[in-house]
Every structure is written in structure tokens, then in C-alpha cells.
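These numbers were taken from a predicted model, which means no experiment stands behind them. In what follows, every chain begins at residue 1, and chains take the letters A, B, ... in the order their sequences are listed.
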There are 2 protein chains.
Amino acid sequence: MPMQDMHLVHHECGDCPIRHRAVCARCESDELARLEQIKYYRSFQAGQTVIWSGDRMDFVASVVTGIATLTQTLEDGRRQMVGLLLPSDFVGRPGRATAAYDVTATTDLVMCCFRKKPFEDMMLTTPHVAQRLLEMTLDELDAAREWMLLLGRKTAREKIASLLGIIARRDASLKLKAPKGAVTFDLPLTREEMADYLGLTLETVSRQVSALKRDGVILLEGKRHVTIPDFDRLMEEAGDDSDGGMLG
Amino acid sequence: MPMQDMHLVHHECGDCPIRHRAVCARCESDELARLEQIKYYRSFQAGQTVIWSGDRMDFVASVVTGIATLTQTLEDGRRQMVGLLLPSDFVGRPGRATAAYDVTATTDLVMCCFRKKPFEDMMLTTPHVAQRLLEMTLDELDAAREWMLLLGRKTAREKIASLLGIIARRDASLKLKAPKGAVTFDLPLTREEMADYLGLTLETVSRQVSALKRDGVILLEGKRHVTIPDFDRLMEEAGDDSDGGMLG
DNA sequence: CGCAGGCTTTGATGTAAATCAAGATCAGGA
DNA sequence: TCCTGATCTTGATTTACATCAAAGCCTGCG
């Protein structure tokens with residue numbers, strides 16, 4: 001459990017534990033109080049659209065529970081998911097008036113929203129909020145770039161393995177245990193959503209999931225419940241560069 | 001010419017006009033002086049590596065002149081470019097010790113570097129530097145997500161058209177004129193580099209460039225000098241969603 | 001119960017782009 | 001000048017994935 005999360009847990013977070021992780025890792029109580037005044041919750045049902053690309057967006061928010069997706073669409077309907085929002089993830093851009101992507105609730109979803117103007121005002125006076133947001137944005141940028149490698153250069157099988165690995169890891173980190181040995185989770189995405197994320201068709205996703213199952217890399221109970229008997233094996237299938245830094 | 005650039009031009013920027021655009025859009029003279037103390041320049045020849053992924057990186061920097069690329073590589077050698085750094089672009093991450101990508105000079109390159117520790121210290125005391133950096137990072141994130149759409153869903157021809165459009169636009173913005181009607185520029189990338197950027201092979205890039213030439217979408221003098229007789233036509237070929245926001 | 005509408009799987013076929021393979025073009029150096 | 005190596009083009013062939021098509025499988029609802 002990283003130091004920073006410790007700190008958060010020890011705060012009096014009320015019913016929005018995520019908020020502090022998202023915007024307020026080093027916050028003081030008076031800032032907490034200010035955040036309190038400008039926050040509100042919104043709930044969405046699975047499948048509902050939170051906001052359409054181009055819509056006026058007068059809030060920023062973080063996910064409390066559930067999963068949301070960011071997608072972009074070409075005129076002819078080709079879709080590409082560009083982000084997956086899990087609990088604690090932040091969405092919205094200070095200083096921009098309209099949404100840049102379609103945001104959709106994949107599961108039932110609760111978001112903790114902050115009205116944009118007061119949030120921006122607070123950012124100006126409390127520097128570490130901006131700094132925390134910078135950190136988070138840099139993390140997202142890294143994730144986006146990893147995804148570019150996946151989209152540009154990985155095979156369908158590697159893409160599926162990578163996605164399963166990412167979901168398993170994020171799932172495990174929420175439960176505060178590292179993915180060693182066997183891991184089990186429920187897929188929060190349909191085959192079509194997986195396809196939209198991976199730049200594939202749903203048929204190819206289905207075939208490759210079947211192939212990974214056939215080869216014993218994953219086990220399936222029903223269509224959604226996945227267990228990964230050997231996480232390292234999955235990571236090999238994902239084709240990732242495993243040296244992970246530390247050359248010089 | 002946007003207001004912000006006006007502001008910059010009117011600063012006494014010495015020989016590093018870019019620095020202020022990169023980190024210091026609203027800066028005061030004492031901050032300028034502090035930046036001055038921790039900055040230094042580094043030059044690289046075309047083809048030289050600035051830093052390898054995983055190497056210790058004790059600076060952040062912005063490009064003054066020339067072009068650099070960020071690339072990621074799979075163990076088996078498959079390469080994907082994840083960023084193109086043009087003059088004024090920023091590279092490096094406050095709060096991280098090692099480089100996450102290979103950074104390579106595509107042309108002769110001059111970078112304005114700031115030692116990381118003092119830069120981080122300054123960020124803590126001068127909030128708007130962090131805010132400027134946040135804006136830039138959010139822009140980069142948007143660009144990365146647009147690139148994800150390209151990599152995941154566009155055809156080879158659309159990819160090439162998109163890349164030419166991006167280079168034309170950025171080139172034009174540096175010259176402070178908007179790309180209306182005919183535009184002319186030199187390709188700063190080899191066919192192979194274009195391929196690495198677009199998730200294609202160099203042969204496919206070559207074929208599609210030839211096809212666009214054959215169809216009159218672009219004109220070529222030699223292999224690198226491109227002129228685009230009709231920018232809108234090129235954008236149609238790029239397949240981008242042209243409604244560009246403003247639905248609700 | 002039985003049917004309807006999402007999902008998902010699986011098969012047959014088509015195709016865009018990769019791969020393999022020659023050459024062509026160009027710039028720089030001996 | 002010609003050679004050399006890098007870059008680029010073009011052609012022939014292969015292949016991974018898309019597309020088209022049909023069924024299977026759940027879940028919920030009348």
C-alpha cells in the first residue's frame with residue numbers, strides 16, 4: 001500500500017473516498033471544506049451516456065464506482081475507445097468548455113462532480129491541486145502511449161492478452177493485492193467494447209478469447225468470468241517489453 | 001497570432017524564445033531570472049539519440065530548433081513512435097527519475113534543458129508554471145488520443161493523409177499562417193519513420209504516398225518536398241470527423 | 001412456458017496491408 | 001568520375017484480420 005493511499009485512507013473522506021485520491025492527495029482541511037461546497041454526485045445506469053463529444057461541459061469529475069469509457073467516432077461510424085475510466089479516474093479538462101469525447105457508462109456508474117468554474121478558481125489558489133492533476137495527467141499520457149504501441153504494432157492475440165492484463169492489474173490494485181499466481185475477475189466489457197478498445201472487430205475478439213482459452217492461458221466461466229492461472233504467462237502473450245527500465 | 005504568443009514575443013527572451021512558451025507563458029521577471037540560472041543548451045546531430053528508455057534522466061527540456069521523436073519498442077524489434085517533438089514541445093516528466101521512451105533527433109536538434117531538481121523546486125513555488133505544464137500535458141493527451149483513433153481505425157491512405165495534414169498544420173502555425181489553399185513543406189521524416197509513426201511498413205507508406213500523388217491530392221518534388229494544392233481535399237482523405245464539436 | 005432481443009461463437013470468404021524480392025534514385029566520398 | 005550505402009519505389013505473394021452469414025446461448029418478460 002503506497003504512502004499516498006495511506007494518507008488518503010486516514011482522512012475523513014465521508015462518502016467520496018475517491019475525490020481525495022483524484023484531486024487532493026496532500027490536502028488541508030480548509031481545502032477539503034471548499035471542495036465539499038462545490039461537489040455533487042451523479043448516477044448513471046449501464047449503457048447511459050454521460051456526455052457527448054462537443055456538448056457543453058461545466059464540470060470535472062472523478063469516478064466513484066462503476067466504469068465509464070471515452071470514445072471517438074469517425075463520420076462513417078468507426079469507433080475507437082481512447083480511455084477506460086475506473087474508480088478514482090478523473091475526467092474533464094479545466095479550461096475547456098466542451099467535451100472532447102463521448103463519455104459512456106459501461107456499468108452502473110456514480111461520479112463525483114465539481115462545478116468547473118469554482119474548481120478552476122480553487123486550482124489557482126491551491127497549487128498542489130494543480131500539481132496532483134498534472135501527475136495524474138502525465139500518468140494518463142503514459143497509458144495512452146502504451147496504448148498507441150498496442151494499437152500500432154501488436155497482433156490481435158497480443159492485444160487481447162494486454163487488455164486482460166491491464167484489467168486484472170487494475171482490478172487487483174483496487175483490492176490492494178498484487179497479481180502473482182492466479183487472478184480472477186469479471187470482464188466489465190462486452191466483446192464489442194473490447195473490440196472498440198483494441199482496434200479490432202468483435203468477431204476477432206471472440207476468436208482470440210477462445211484461442212487463449214483453448215491454449216490454457218485463461219479459464220472462462222460463462223462469458224465474462226475470467227481466471228488467469230499464470231499471470232506471467234499472460235504477460236508473455238501480451239508481448240510487452242519486460243525489461244521495464246533501469247538500463248543506465 | 002494568439003494573444004499568448006504576442007505576450008511571449010514582447011518578452012526579452014534572449015536566445016531561447018521557446019522556453020517561455022513552454023513553461024512560462026505568464027512569467028514575471030524574477031522567475032525568468034531563476035529559469036535563466038538552471039537552463040543550458042544541448043545540440044544533437046540528425047540521427048543521434050538524446051536518451052534511451054530506462055536511462056537516468058535528470059533534466060526536462062523543450063525543443064528550440066529541429067525535430068525529435070519518442071519511440072517505444074517491443075522485444076522483437078517492432079517499433080512505434082508515440083510522439084513527435086517540434087519546436088516549443090516539452091519533454092521529460094517532473095517527478096520521474098528515468099526516461100520512459102527513446103528520444104531521438106530526427107534532424108539536427110537544439111534543446112533548452114532545465115536541471116530537473118531545481119525545476120521541480122521552482123514548480124512548487126511558482127504555481128502558474130505547473131498550470132502551464134498541465135495545459136501542455138492535456139494538449140499532448142488529446143493529441144495522443146487522436147492518434148489512437150488513427151492507429152486503431154484508419155486505413156493506410158487515411159493515415160498518410162492525416163500525418164501530412166498534421167505536419168502541414170504545425171509547419172504553418174510556426175510560420176504563423178493558417179493552412180488555406182496551397183501549402184508547401186519539407187517532410188522531416190523518412191518513409192520508415194513515417195511508418196513507425198503510423199503503425200505501417202515503409203513499403204505501404206511509399207505506395208500510399210505514390211497513390212496520393214497519382215490522385216493529385218499532393219504534389220512531390222523529389223522525395224521530401226510536398227505541396228498540398230487543396231488542404232480541404234487532404235482533410236477529406238484523412239477521414240476526420242469534421243464537425244469538430246459544437247453539437248449541444 | 002416460450003419467445004424476443006442482446007450477446008457470443010463459429011464458419012466461409014474477401015481484402016488491405018505485410019512480407020519477400022528486385023531494382024531505381026540519390027548523395028557523398030575516394 | 002564512379003562506387004557505395006542509404007533511401008525509396010514497385011511488383012509478386014502471403015497472411016492476419018475484416019466482412020458476411022448463420023446459429024447458439026442466455027435473460028427477462030409476456
Side-chain angles (χ1 to χ4, degrees), chain A residues 45-48 74 76-80 104 106-108 150-164 186-215 218-226 237 239, chain B residues 45-48 74 76-80 104 106-108 150-164 186-215 218-226 237 239:
Chain A
Q45 294 183 314
Q48 245 188 309
L74 261 18
D76 62 4
R78 281 175 285 173
R79 291 163 58 79
Q80 177 65 50
T104 311
T106 302
T107 64
D108 288 347
L150 177 147
L151 290 170
R153 294 302 185 192
K154 287 190 180 177
T155 65
R157 171 183 266 244
E158 289 169 338
K159 286 178 175 181
I160 301 287
S162 300
L163 179 58
L164 293 176
D186 281 307
L187 269 181
L189 304 174
T190 66
R191 299 290 185 262
E192 185 175 23
E193 286 163 338
M194 291 172 71
D196 283 344
Y197 206 176
L198 298 169
L200 298 170
T201 59
L202 68 94
E203 294 96 328
T204 298
V205 169
S206 179
R207 274 185 248 271
Q208 296 299 334
V209 169
S210 298
L212 288 174
K213 179 184 172 187
R214 174 168 33 72
D215 299 345
I218 62 174
L219 307 174
L220 278 181
E221 257 176 279
K223 283 133 186 356
R224 296 295 193 86
H225 193 75
V226 180
E237 294 284 351
Chain B
Q45 293 183 315
Q48 244 188 310
L74 260 17
D76 61 5
R78 282 176 284 174
R79 290 163 59 82
Q80 177 65 49
T104 311
T106 301
T107 63
D108 288 348
L150 176 146
L151 290 171
R153 294 301 183 193
K154 288 190 178 177
T155 64
R157 171 183 265 245
E158 289 169 338
K159 286 178 175 182
I160 301 286
S162 300
L163 178 58
L164 293 175
D186 282 306
L187 270 181
L189 303 174
T190 66
R191 299 289 185 262
E192 186 174 23
E193 285 163 338
M194 291 172 71
D196 283 344
Y197 205 176
L198 298 169
L200 298 170
T201 59
L202 68 94
E203 293 96 327
T204 297
V205 169
S206 179
R207 273 185 249 273
Q208 296 299 335
V209 168
S210 298
L212 288 174
K213 178 184 172 186
R214 173 169 34 71
D215 300 344
I218 62 174
L219 307 174
L220 277 182
E221 258 175 277
K223 284 137 188 347
R224 296 295 193 87
H225 193 74
V226 180
E237 294 284 352

Measure the distance from [atom1] on [X] to [atom2] on [N] and round it to the nearest whole Å.
X: R191(A); N: dG24(D); atom1: CZ; atom2: P; value: 19 Å
X: D186(B); N: dC26(C); atom1: CG; atom2: C1'; value: 16 Å
X: K159(B); N: dA16(C); atom1: NZ; atom2: P; value: 14 Å
X: L202(B); N: dT10(D); atom1: CG; atom2: P; value: 13 Å
X: E221(A); N: dC25(D); atom1: CD; atom2: C1'; value: 17 Å
X: K223(A); N: dT9(C); atom1: NZ; atom2: C1'; value: 7 Å
X: H225(A); N: dT8(C); atom1: NE2; atom2: P; value: 16 Å
X: E193(B); N: dT7(D); atom1: CD; atom2: C1'; value: 11 Å

Which heavy atom in [X] sits nearest to a heavy atom in [Y], and how many Å separate them?
X: E158(A); Y: K154(A); answer: OE1-CA, 3.4 Å
X: L151(B); Y: K159(B); answer: O-NZ, 3.8 Å
X: A46(A); Y: T106(A); answer: CB-O, 3.7 Å

| said: Checking the side chain of D186(B) only, and the main-chain atoms of P188(B) only, is there a donor and an acceptor separated by less than 3.5 Å? | reply: no
| Are the side chain of S206(B) and the backbone of L202(B) linked by a donor-acceptor contact shorter than 3.5 Å? |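 Not a single qualifying donor-acceptor pair exists.
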| query | Which nucleotide in the set dT8(C), dC8(D), dT10(C) lies at the smallest distance from any side-chain heavy atom of S210(A)? | reply |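 Nucleotide nearest to S210(A)'s side chain: dT10(C).
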| task | Would you tell me if any nitrogen or oxygen in the side chain of T190(A) comes within less than 4.0 Å of OP1 or OP2 on dG6(C)? | result |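 The answer is no; no side-chain N or O of T190(A) sits under 4.0 Å from OP1 or OP2.
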Would you tabulate the side-chain donor-acceptor contacts of residues 192-201 of chain B under 3.5 Å, counting partners in other chains and residues two or more places apart, or write 'none'?
unit_1	atom_1	unit_2	atom_2	d
E193(B)	OE1	T190(B)	N	2.8
E193(B)	OE1	T190(B)	OG1	3.4
D196(B)	OD1	R153(A)	NH2	3.4
D196(B)	OD2	R79(B)	NE	3.2
T201(B)	OG1	T204(B)	N	3.4
T201(B)	OG1	T204(B)	OG1	3.1

| message | Once you apply a heavy-atom cut-off of 4.0 Å, does R224(B) come out as touching a base, just sugar-phosphate, or nothing? | response |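 Here R224(B) touches the backbone only, sparing every base.
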Between the protein and nucleotides 15-22 of chain D, list every N/O to N/O distance that falls short of 3.5 Å.
unit_1	atom_1	unit_2	atom_2	d
dC17(D)	OP1	A156(A)	N	2.8
dA18(D)	OP1	T201(A)	N	3.4
dA18(D)	OP2	T201(A)	N	3.4
dA18(D)	OP2	T201(A)	OG1	3.1
dA18(D)	OP2	T204(A)	OG1	2.4
dT19(D)	O4	R207(A)	NH2	2.9
dC20(D)	N4	E203(A)	OE2	3.1

| note | Partner of L187(B) under side-chain contact (heavy atoms from CB on, under 4.5 Å), picked from H225(B), K223(B), R224(B), is R224(B)
